[in-house]
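Single-structure report; data block below.
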Protein chains: 4
Amino acid sequence: MRSDARANRDRVLAAAEEVFGEFGNAGSTEEVARRAGVGIGTVFRHFPTKRVLVKATIVRHLTLLAETARARGEGGEAGAAFRETFREMVSGAPAKLALVALLEEPADSTGSADEVEAAATTVREAVEELLSRGQQAGEVRADATVDEVYMLIRALANARGDRTVVDRAVDIVLDGLSPRRSE
Amino acid sequence: MRSDARANRDRVLAAAEEVFGEFGNAGSTEEVARRAGVGIGTVFRHFPTKRVLVKATIVRHLTLLAETARARGEGGEAGAAFRETFREMVSGAPAKLALVALLEEPADSTGSADEVEAAATTVREAVEELLSRGQQAGEVRADATVDEVYMLIRALANARGDRTVVDRAVDIVLDGLSPRRSE
Amino acid sequence: MRSDARANRDRVLAAAEEVFGEFGNAGSTEEVARRAGVGIGTVFRHFPTKRVLVKATIVRHLTLLAETARARGEGGEAGAAFRETFREMVSGAPAKLALVALLEEPADSTGSADEVEAAATTVREAVEELLSRGQQAGEVRADATVDEVYMLIRALANARGDRTVVDRAVDIVLDGLSPRRSE
Amino acid sequence: MRSDARANRDRVLAAAEEVFGEFGNAGSTEEVARRAGVGIGTVFRHFPTKRVLVKATIVRHLTLLAETARARGEGGEAGAAFRETFREMVSGAPAKLALVALLEEPADSTGSADEVEAAATTVREAVEELLSRGQQAGEVRADATVDEVYMLIRALANARGDRTVVDRAVDIVLDGLSPRRSE
DNA sequence: AATGAATGAGCGTTCATTCAT
DNA sequence: GATGAATGAACGCTCATTCAT
């Protein structure tokens, strides 16, 4: 019966990504249960609190993101890899979720060193890897730090707007990230 | 008593900017009343609906933003004016509110051409003005359009994060907006 | 300034009859003020409580009703006078108010022997007068008492429905009130 | 747990009949919950809207009424059956609810052909059946139509007052409904 | 005396969370 | 383990009533 439970857990997480991706924190737990095709009780058995569910959803999302980024990084040309990943993280469908990632964290009380933070760090590290390779290849300006790059990704990922406008905005930012004239 | 009422209206709007800036649409009307130091009934007397209150808050915010931008634009040097305003709109304390401005507007039903849209247009126009002056002065890349610039401002304004990181991210973006090498 | 006040009081009462006649007890005091063209404060100055206002409205209505009935009673033919008044009380436009008259009276606490009751009694007496004259003239069945007649009037006055249906229902009741075969 | 739910639903409906019978539409949902001994949430789980609850209450009431009437109609003597049912519908304890049945239905918007209307029609039909049998048996005046009879029932059912007075008023009305002298 | 702004209890409704089945 | 009914705090909003002007 362990496998049933595991399967349910996964369906709930998938549904949660849909719902919270669409409505942010305002999405209801009941809607998640409905889309997952399970009872509300089942959701709460796996995730004792809405906040826990939201966090797990974010963790899952960030983990996938990091994996993709890492995979991309393995590939050949450093500058292109950096830029492609940047683009992908910004427009990746589920990126909407990044929104939720920014939500209030006050009073976490549970001493839990926060899994979310850990997952976010993983993403950061993937970005960092790509960034420094790009810089070593002389394809990305040397004075940019992960902090800024990561923030730019998050900011653009949350931006509403026409796909084409977003794309051009990304072009501009990537221009800003290219090596400076004098370099 | 007219003056008392006006004063209260203003206190409510100020409180609303705080609350909705902090919690987005999820902020509660009651919290607004609490922070404004008035009864809940007073809030509803001035703004018959939560949605109306939110809209009024946004309009107020955008109007101030546009005014500031326009004032700045009058000043001398075109490129500097553009860049300073860009920075200011991103970090202006209450900029958080831009978040709310992006919230759902579905089914406005009231034929009202929407004051919010009008106010947003005003801001856009101010940005447009600054942008084209900057371009004419050869200080801003010629192929950038308001759409992208405006989106970049909004995206960065909503970004959470260290002040210094944001500042450096803005530097990068402004570099991306400077005239291209070949130009 | 006494006359101003008196005039206002009357306008409020007239407005109240409209509003409570239309919406029953659910009509709002503010709506009354609006229709009377005065501030809400003025309404409460004259009638310290909504309940008092409602009662005053009912008293006014019942008083007018009694006067009309009495006037009608003076006239010539006894049976016709009885029947005409019966009809009139049932369909009189403001009769709707009778509805309100039936509303909860629990816990009046104010020792006031209740003006409403007094006014209702006046109406009852007018009906009684008409009834006994009709009976003496042999035009109304002898065994009917005011209680029943008065209740029938109130019941029919509150009935919703087509005017013509109400009229025919009244015909039936008046037939029931005509002298019995054997009499 | 299905049975618990059903039981609760019934307790809620019973409580609602009490509350709305006593206060009309002004009765509060919370009071219904209190009298049913359940939480407010439970009421809303079973009836998603106050309006739905009120309608369900009326439907239940009217359905019982129609059943009783029909059962009575099966019995032998036509005139007696008509008169007994008339009496019963007027004085049946929960008849108070008829009041609610007359409440505003404006803008139902839901295309639903309205269950309430359907239930009311059922009652009407039961009355019609009894009426025409009574007329065929020569025990009820031939020119009376369901419309009037139905309205008289509703009017008397809503009348406040002494039981004995109501009874005698019904006698009078039934006299009015007996065959005319000339017939 | 009149005004209308302010108040807050109360209502209908939603939703995270608990618990009997 | 899973289910979904039950709970009640919280929200948006209304309205009788009070009180500064």
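The chains referred to below are lettered A, B, ... by the order of the sequence lines, with proteins before strands, and numbering in each begins at 1.
Considering only side-chain atoms of C:Phe44, the nucleotide from F:dT18, E:dA6, E:dT13 that sits closest is F:dT18. The side chain of C:Arg45 lies closest to E:dA1, out of F:dT21, E:dA1, E:dT17. Comparing E:dG12, E:dT17, F:dC15 against the side chain of A:Lys50 picks out E:dT17 as the nearest. Of the candidates E:dA5, F:dC11, F:dC15, the closest approach to any side-chain atom of C:Ile40 belongs to E:dA5. Comparing E:dG12, F:dA2, F:dA6 by their nearest atom to the side chain of D:His46 picks out F:dA6. Among E:dA16, E:dT7, F:dA16, the nucleotide with an atom closest to any side-chain atom of A:Thr29 is E:dA16.
Contact between the side-chain N/O atoms of B:Asn8 and the OP1/OP2 oxygens of E:dA5 is not found at any separation under 4.0 Å.
Taking for each of D:Arg9 and C:Thr49 the nucleotide of DNA chain F with the nearest heavy atom, the 5'-most of the two is the partner of D:Arg9. Taking the nucleotide of DNA chain F with the nearest heavy atom to each of C:Gly41 and A:Val38, the more 5' of the two is matched to A:Val38. In this structure, B:Glu30 and C:Glu30 both approach DNA chain E, and ranking their closest nucleotides by distance from the 5' end singles out C:Glu30.
If you measure from atom CZ of C:Arg34 to atom P of E:dT3, you get 14 Å, rounded to the nearest angstrom. Atoms CD (C:Glu31) and C1' (F:dA16) sit 15 Å apart, rounded to a whole Å. Straight-line distance from the CZ atom of A:Arg51 to the P atom of E:dC15: 19 Å, rounded to whole Å. Counting to the nearest Å, the C1' atom of E:dC15 and the CZ atom of A:Phe23 are 15 Å from each other. Following rounding to the nearest Å, D:Phe47 (CZ) and E:dT13 (P) show an atom-to-atom distance of 13 Å. Summarising the geometry, the separation between CG on D:Asn25 and P on F:dT14 is reported as 17 Å, rounded to the nearest angstrom.
Using a 4.0 Å cut-off between charged nitrogen and carboxylate oxygen, C:Arg35 and C:Glu31 count as a salt-bridge pair.
Residues A:Leu13 and A:Glu17 fail the side-chain proximity criterion, which asks for heavy atoms closer than 4.5 Å. B:Leu53 places a side-chain heavy atom less than 4.5 Å from the side chain of B:Val12. Two residues are said to be in side-chain contact when any heavy atoms from C-beta on lie closer than 4.5 Å; B:Thr57 and B:His61 fail this criterion. At least one side-chain heavy atom of D:Asp114 sits less than 4.5 Å from a side-chain heavy atom of D:Lys55.
Among the heavy atoms of the strands lying under 4.0 Å from D:Thr42 is at least one base atom, whether or not backbone atoms are also near.
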Verdict with supporting geometry, B:Phe20 and B:Ile58, side-chain contact (heavy atoms from CB on, under 4.5 Å): CA-CA 9 Å; B:Phe20 296 134; B:Ile58 297 173; over 6 Å; no

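With a 3.5 Å limit on both pairing distances and Watson-Crick or G-U wobble geometry required, the stems of 3 or more pairs in DNA chain F span E:2-21 with F:2-21.
The backbone N or O of D:Asn25 sits less than 3.5 Å from a side-chain atom of D:Lys50, completing a donor-acceptor pair.
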